[in-house]
Amino acid sequence: MHILAIESSCDETSAAIVKKTSHGIDVLSTVTATSLSLHAATGGIIPESAARMQVKYIMPVIIEALNEGIGNRKQGKEITSWKTAREVLKNDIDAIAVTYGPGLIGSLLVGVETAKTLSYIFKKPLIPVNHLLAHIYANYINRKESEIKFPYIGLIVSGGHTDLLLFKNHGDYKWLGGTRDDAAGEAFDKIGRLLNLTYPAGPEIEQRASLVNNPDLKFKSPLMGSHDFDFSFSGLKTEVSRFVQKQEVVDTNLKNKICHATQKAIIDVLVGKTLEASTKYNATMILVGGGVSANGKLRDQLSSASSIPVLFPDAKYTTDNAAMIGAYGLLNQQTTSWELLSANPELYFA
Ligand code: KG4
Ligand code: ZN
C-alpha cells in the first residue's frame with residue numbers, strides 16, 4: 001500500500017510517498033519547501049505570508065514527491081512533469097493522508113483542500129491526521145513496528161506544543177498533561193529573541209550551551225515537582241528577561257551561560273515529568289517527537305535517566321514533514337470522505 005501524505009500546518013509545505021514493509025515504514029520520497037527564511041527576518045511566523053507560500057509550493061511539492069518516489073523509479077530517469085505525477089496518482093497511490101489540524105488556518109486549508117480535490121478526482125480514500133500524534137509516529141519510520149511496544153509514553157515537544165500522552169495502542173491514547181502557556185520550543189525561540197539569536201533559536205541555544213564549562217547561572221524549572229503532567233514556560237521567559245535587563249552588558253560569555261541555564265531549566269522539567277509519567281503508567285518505552293526532540297542534550301539526559309528504552313526520530317523527521325503524516329496514516333487507516341473533512345486549527349486530543 002502506497003500513501004501520498006501532505007503536511008501544510010505551518011511554514012513547511014511537505015509531501016511524501018510512504019509504504020509499509022517488514023522493516024518498518026519506508027519513505028520513498030519526502031519533498032519539503034519552507035518559508036522559514038521569510039519569517040527569520042521578523043523573528044516569528046506571519047500567518048498570512050506562510051499561507052501564501054503554501055499556495056505557491058503545494059502542487060510543485062506534490063508533483064516532485066510523486067515523481068521522485070514512484071515515477072522516476074519506474075521510468076529510470078528524472079521526471080518533474082504533472083503528466084507522470086498524474087499517472088502515478090491514478091495507478092500507484094492507494095490513499096491520501098493529510099494534516100487537518102492543529103495549525104494556522106490559512107496554511108492548513110491549502111493542504112486539506114488540495115487533498116480533498118485529489119481524493120475526489122482520483123477516487124482515493126482520505127486519511128485525516130492529527131499533526132501532533134504524527135510527531136510521535138515519526139519514530140516508526142525506518143524502524144520495525146515490532147520494536148515499538150505499547151503502552152508507551154509520548155512526549156511531544158514542538159514550537160507550538162508540549163504534551164505528554166499515554167499510548168495504549170494505535171488510536172487508543174490518553175492525554176496526561178501539557179503546557180499551560182508557552183510551548184518548550186516557543187520558550188527557546190522567545191528567549192532567543194531576547195538575546196538576538198537566529199530564529200528559530202533552539203539550535204543556536206543548544207550550540208552556545210555546549211560551550212559553557214562552568215555553569216554558575218541557574219534559572220528555575222517551572223512546575224518542577226508539581227506532581228501533575230502540566231508544563232509552563234512563560235515564567236522562564238520573564239525570569240530571563242528580568243535577568244538580562246539587570247545586566248550592564250551581555251557579552252558572548254554571559255550569553256552562552258544564559259543559553260545553558262535556559263536549556264537546562266527546560267530539559268530538566270521535560271525529563272522529570274516524562275519519567276514520572278512512565279513510572280506511574282508502567283510504560284514499556286518512551287517516544288519523543290517534535291522540533292525540540294532534535295536537541296542532543298534532551299536526547300542524552302532522557303536516555304541516561306530512563307530505565308526503559310527512549311526512542312527519538314531521525315533528526316530530519318523531528319521538524320514538520322509529510323513522512324510522519326504518512327507513517328500515522330499507514331498505521332491508523334481511519335478514512336473519511338472528502339465531503340466530511342475540514343481543516344481544524346484548534347484540533348487537540350479527543
Ligand atoms: O515541530 P516543529 O518543527 O514545529 C512545530 O510543529 O511547532 O518545531 C520547531 C521548534 C522551534 O521552536 C525550534 O526552536 C525548536 O523546534 N528546535 C529546537 C532544536 N531544533 C529545533 N529546540 C531545541 N534544540 C534544538 N536543537
Ligand atoms: Zn510540528
Side-chain angles (χ1 to χ4, degrees), residues 5-14 16 30 32-36 39-40 43-45 47 50 54 98-104 107-108 111 129-139 154-163 178-179 182-195 197-211 231 233-234 236-237 259-271 287-302 312-325 327-328 345 347-348:
I6 300 172
E7 154 65 33
S8 76
S9 63
C10 191
D11 58 338
E12 265 90 26
T13 317
S14 184
T30 337
T32 304
T34 177
S35 57
L36 187 67
H39 312 295
I45 289 165
Q54 294 286 356
V98 63
T99 300
Y100 73 111
L104 304 171
S107 290
L108 280 170
V129 178
N130 179 325
H131 176 91
L132 298 175
L133 297 176
H135 268 305
I136 294 299
Y137 274 72
N139 285 287
L155 170 68
I156 302 162
V157 269
S158 70
H161 295 87
T162 303
D163 292 286
T179 185
D182 292 353
E186 200 174 350
F188 275 109
D189 297 340
K190 285 182 173 170
I191 292 168
R193 199 178 318 166
L194 282 173
L195 300 173
L197 308 184
T198 324
Y199 174 85
E204 189 174 344
I205 291 184
E206 178 178 8
Q207 193 267 332
R208 285 175 175 273
S210 72
L211 304 173
F231 300 93
F233 293 107
S234 71
L236 176 64
K237 184 196 65 195
C259 289
H260 184 279
T262 296
Q263 178 175 267
K264 182 164 167 39
I266 295 172
I267 291 178
D268 283 355
V269 68
L270 291 175
V271 169
L287 272 63
V288 190
V292 180
S293 72
N295 187 285
K297 187 71 190 157
L298 172 64
R299 288 179 176 228
D300 292 347
Q301 200 169 315
L302 186 54
F312 294 91
D314 275 358
K316 66 176 170 198
Y317 300 122
T318 54
T319 46
D320 292 350
N321 66 88
M324 68 183 193
I325 305 301
Y328 184 89
L347 180 70
Y348 205 37

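Every number for a ligand or one of its atoms is a count from 1 in the order of the listing. The model shown is predicted, which means the values in this text are computed figures rather than measured ones.
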Quick one: CG on Asn321 to OG1 on Thr30, what's the gap to the nearest 0.5 Å?
-> 6.5 Å
Ignoring hydrogens and angles, tell me if any N or O in the side chain of Asn295 forms a donor-acceptor pair with the backbone of Lys297 under 3.5 Å.
-> yes
Where do Gly291 and Thr319 come nearest, in terms of heavy atoms and distance?
-> CA-CG2, 4.0 Å
Which of the atoms in ligand 1, numbered in the order shown and given with their element, are less than 4.0 Å from a heavy-atom of Asp320?
-> 1 (O), 2 (P), 3 (O), 4 (O), 5 (C), 6 (O)
Closest heavy-atom approach to atom 8 (O) of ligand 1 among Gly159, Gly289, Gly202, Ala315 is made by Gly159
Any residue meeting ring pair (Phe, Tyr, Trp, His ring centres under 6.0 Å) with Tyr137, in chain and number order, not counting sequence neighbours = Tyr140, His170, Tyr328
A student checking ligand 1 against His131 at a 4.0 Å heavy-atom cut-off should list atoms 6 (O)
Closest to atom 14 (O) of ligand 1 (judged by heavy-atom distance), picking from Thr262, Ile266, Asp189 = Asp189
Ligand 1 to His135, heavy atom cutoff 4.0 Å, flagged ligand atoms 1 (O), 6 (O)
Could you check if a side-chain atom of Leu302 sits within less than 4.5 angstrom of a side-chain atom of Leu270, using non-hydrogen atoms only?
-> no
For atom 26 (N) of ligand 1, find the nearest protein heavy atom and state the residue, atom name and distance (0.1 Å precision).
-> Glu206 OE1, 2.8 Å
For Asp320, the side chain to side chain donor-acceptor pair (under 3.5 Å) test, sequence neighbours excluded, returns His131, His135
In terms of atom number and element, which parts of ligand 1 are under 4.0 angstrom from non-hydrogen atoms of Gly185?
-> 12 (O)
Counting distance only, does the side-chain N/O of Glu206 pair as donor-acceptor with the main-chain N or O of Gly296 below 3.5 Å?
-> yes
If waters are left out, how many protein N/O/S atoms lie within less than 2.8 Å of the Zn ion (ligand 2)?
-> 3
Between Glu204 and Thr198, a side-chain donor and acceptor under 3.5 Å = yes
Least distance between heavy atoms, Ile45 atom then Cys10 atom = CD1-SG, 3.4 Å
If only atom types and distance count, is the side chain of Ser158 paired as donor or acceptor with the main-chain N or O of Gly290 below 3.5 Å?
-> no
Who are the salt bridge (Lys or Arg N to Asp or Glu O under 4.0 Å) partners of Asp268, not counting sequence neighbours?
-> Lys264
Check: Thr162 side chain, Ala184 main-chain N or O, donor-acceptor pair, under 3.5 Å = yes
Phe188 heavy atoms within 4.0 Å reach ligand 1 at atoms 22 (N), 23 (C)
Considering the heavy atoms of Gly160, write down every atom of ligand 1 situated less than 4.0 Å from one of them.
-> 7 (O)
For atom 24 (N) of ligand 1, what's the nearest protein heavy atom and its distance?
-> Asn295 ND2, 3.0 Å
Does an N or O from Gly290, backbone or side chain, lie closer than 3.5 Å to an N or O of ligand 1?
-> no
Distance-only, no hydrogens or angles: does the Asp189 side chain make a donor-acceptor pair with backbone N or O of Ala201 under 3.5 Å?
-> yes
Does Glu12, backbone or side chain, put an N or O under 3.5 Å from an N or O of ligand 1?
-> no
Option with minimal heavy-atom separation from atom 21 (C) of ligand 1, where the choices are Ala294, Ala183, Gly291 = Gly291
Going by distance only, is there an N or O of Thr319 that falls short of 3.5 Å from an N or O of ligand 1?
-> no
